[in-house]
Amino acid sequence: MTGVRTVAGVALRNAHVTRLVALTLLLVVVFSALAPRVFPTALNFQSIAYSVPEIGLLALAMALTMITGGIDLSVVATANLAALTTAGLYIAAGGETATSPLLLVAFCAAALLVGMACGAVNGLLVSRVRVSPILATLATMQIFNGIAILWTDGEAQYGFPDTFLWLGDATIAYVPVAFLIFIGAALLIWHIVSRTGLGTRIVLVGANPVAARYSGVDERGVLMRTYLISGLLAGIAGIVIAAKSTSASPDYGGSYVLLAIVIAVLGGTDPFGGRGSVAGVVLAAIALQVLASGFNIMRLSPFLYQIAQGLILLVVMVVELRRGRLLERLRGLLTGRPG
Amino acid sequence: MRLSRLRGENNEGLLAGLIILLVLMMGVVEPGFLGPATLTNVVRSLLVDLTFALGMLVVIISGGIDVSFTAIAIFSGYGVIVLMNDLGADGTVWPFALAALAGAVLGGLNAAMVAGLRLPTLIVTLGTQGIVRGALIAFVGSQYLSNLPTGLESLARSDLFAVTTGGGTARMTLLALPVAVLCVLVALLLRSTMLGRSIYAIGGDVESARRVGIRVGRVQTFVYLFAGALAGFGGLMHVTLSRQANPYDLVGSELDVIAAVVIGGASIFGGRGSVLGTVLGVTLIAVINNSLVLLGVPSAWQRLAVGLLVLLGVGLQALGQGRRKSPPILAEVRS
């Protein structure tokens with residue numbers, strides 16, 4: 001009895017998360033009805049679990065910067081640069097024969113360091129030079145991508161050993177390792193945002209930077225750390241991408257920036273800053289991957305999925321942020337008064 | 001005093017100096033560079049970006065940003081060609097009018113979201129970019145069309161003037177004329193109309209603008225319709241100048257245009273920017289790209305160069321403003 005009451009209480013307190021769970025279940029039911037022999041199978045759910053981590057990690061990075069009222073458009077370029085770092089190191093160490101677990105740890109650490117270095121550049125630009133996050137990360141996206149293309153002549157890099165590819169294709173109790181990495185990263189970010197002083201300051205800086213400054217919050221330090229963590233998450237995404245696609249390429253994930261923003265906003269992140277939910281982002285990533293898988297199984301064009309992403313972004317923004325204003329406008333139209 | 005006037009309100013003088021320096025340096029390295037052919041090539045290569053940049057300038061002055069214009073442009077440009085082929089129609093002027101109209105309609109999507117519902121412009125335009133581009137390729141067409149209607153084909157080959165030198169003939173494309181007219185019109189709009197001043201006002205401070213009686217929603221609606229129309233016009237111009245209609249073109253090159261406008265002195269926070277600065281910004285990027293191609297440098301360097309230029313431009317702006325902008329109470333504490 002108390003169990004039921006606790007669940008109900010949690011559901012009420014997290015109305016947004018509940019809605020996302022309902023949405024995901026609805027999508028699963030609809031696609032299962034449309035394609036009963038292909039969609040609701042263990043194989044398909046496992047393939048969804050394989051595809052969620054890379055975009056989920058990028059969306060977490062995006063959401064974190066959006067909570068501070070900023071944005072990180074360079075996440076995909078950072079992830080690719082991190083993936084190329086691992087690829088480059090493995091190729092230098094002998095390619096597929098470099099199976100030592102020590103190298104695995106060292107090269108993954110190198111990818112994370114490159115991710116954090118990219119994040120540090122963004123953090124410096126946003127917090128010290130005070131360039132607006134949109135422009136700073138738009139420019140660094142171009143720069144990181146340019147570096148990646150110059151480094152590789154624009155070609156995909158192969159030569160990962162099985163020890164590394166294990167991260168991309170192995171499962172533990174039917175759950176892909178990459179998905180476990182994603183959940184681990186999400187728990188870490190959840191802990192930072194909801195259980196540490198840094199998290200409180202991140203939300204405060206996003207909610208009201210002036211109030212934060214007057215309360216003695218070190219805005220620069222908070223922003224710097226935010227972009228560092230965002231870079232770190234992009235670095236993890238890079239490792240997952242390289243392990244799953246068995247290659248690293250400077251152009252991987254061209255449409256991921258839009259998708260990461262869609263997931264962050266759908267997950268309940270306020271693009272004006274000050275509000276966000278890690279659980280929401282994880283659920284939104286799963287919901288959108290279910291949608292993508294459904295579109296794929298129904299043999300719909302990937303460009304229809306692109307339309308759906310755009311529509312979801314706009315509809316969710318209107319519903320989440322401007323429900324009142326929309327109703328007011330409609331009422332104004334009906335009664336003939338200007339809104 | 002005189003030096004600072006030469007520098008210009010938005011660093012226009014600095015930019016002009018930089019362009020001249022770059023051209024002279026290229027002239028030393030590659031003597032063939034200093035000829036009429038370079039001028040006509042650079043102009044030809046910057047016309048489309050300049051048209052987009054004028055729309056972007058108006059959006060940025062109003063305090064917004066637009067990343068959907070490339071999708072709107074190629075939708076309008078490609079869509080008009082498909083329509084002309086289907087109808088078997090031909091023409092030169094009306095297709096451009098139609099493309100601008102289509103662009104304005106698509107810009108209306110942004111206008112409704114930004115002006116009507118006050119959603120953040122970057123995210124709205126990211127959404128419309130996805131919708132418009134997806135709709136183009138899923139519903140309008142995904143085929144590469146290599147034959148344009150004869151009217152547009154002959155327009156692409158028409159010259160405003162041609163100069164013949166020892167090295168060959170330098171041709172100035174006729175399409176430079178409408179773009180020049182557009183520059184003058186946008187400059188007049190921004191400098192000497194009530195609407196233009198209102199755009200600066202809402203970019204400077206929305207709340208103050210609203211309190212002095214500016215209809216913020218209407219001004220924003222105009223801004224996004226206008227940017228859409230310019231994008232549509234520029235899209236058909238891109239198709240005409242490249243003599244092929246490829247639905248996969250343009251999208252992904254937003255930064256080049258945003259960069260040009262920001263390098264041209266427009267503030268991303270709104271309220272500041274000029275047509276002259278934008279023209280110079282677009283020219284600088286075109287000259288850099290042209291020089292790098294001439295020197296045989298891989299195109300990834302252009303990407304890097306543009307990214308670094310943006311950081312340099314906004315970094316200088318931000319450092320210049322940062323000193324002035326601390327809130328009064330904190331300024332007292334600090335001094």
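Residue numbering restarts at 1 for every chain, and letters A, B, ... go by the order of the sequence lines.
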What heavy-atom pair brings B:Ala300 and A:Ile149 nearest, and what distance separates the two atoms?
-> CB-CG2, 3.6 Å
With a 4.5 angstrom heavy-atom cut-off, could you sort out which part of A:Ile261 is near chain B: side chain, backbone, both or neither?
-> side chain
Turns out that what part of B:Ile258 lies under 4.5 Å from chain A's heavy atoms comes down to side chain
Take atom CZ of B:Arg218 as the centre, draw a 6.0 Å sphere, and report whether it contains more than 12 heavy atoms from other residues, nucleotides or ligands.
-> no
Write down the atom of A:Gln142, the atom of B:Asp256, and the distance for their closest heavy-atom approach.
-> NE2-OD1, 4.1 Å
B:Leu126 and A:Gln309, any side-chain heavy atoms less than 4.5 Å apart | no
Measure distances from A:Ile71 to the heavy atoms of chain B and classify the residue's part below 4.5 Å as side chain, backbone, both or neither.
-> side chain
Steps toward side-chain contact (heavy atoms from CB on, under 4.5 Å) verdict (B:Thr128, A:Leu314) = CA-CA 8 Å; B:Thr128 47; A:Leu314 295 185; 4.2 Å; yes
Tell me, out of A:Leu313, A:Ile147, A:Ile143, who's got the most heavy-atom pairs with chain B below 4.5 Å.
-> A:Ile143
Looking only at non-hydrogen atoms, find the nearest pair between B:Arg118 and A:Phe272 and report the distance.
-> O-CZ, 4.0 Å
When rounded to the nearest 0.5 angstrom, what is the spacing between CG in A:Leu135 and CD1 in B:Ile60?
-> 7.0 Å
Under a 4.5 Å heavy-atom cut-off, does chain B meet the side chain of A:Ile134, its backbone, both or neither?
-> side chain
Which one of A:Leu258, A:Leu125, A:Val129, A:Leu150 has the most heavy-atom pairs closer than 4.5 Å to chain B?
-> A:Leu150
Heavy-atom contact with chain A under 4.5 Å, split by part of B:Val262 | side chain
Nearest-0.5 Å distance, CD of residue B:Gln129 to CD of residue A:Gln306 | 7.5 Å
Compare all side-chain heavy atoms of A:Leu304 with those of B:Phe139 and state whether any distance is below 4.5 angstrom.
-> yes
Top contributor to chain A contacts, counting heavy-atom pairs under 4.5 Å, from B:Ile137, B:Val314, B:Val310 = B:Ile137
Segment of A:Phe144 engaging chain B (4.5 angstrom heavy-atom cut-off) | neither
Atom of B:Ile123, atom of A:Met66 and distance for their closest heavy-atom approach = CD1-CE, 3.8 Å
Does B:Trp301 CH2 have over 12 foreign heavy atoms under 6.0 Å away?
-> no
Just how far is it from atom CD1 of B:Ile65 to atom CG of A:Leu138, taken to the nearest 0.5 Å?
-> 6.5 Å
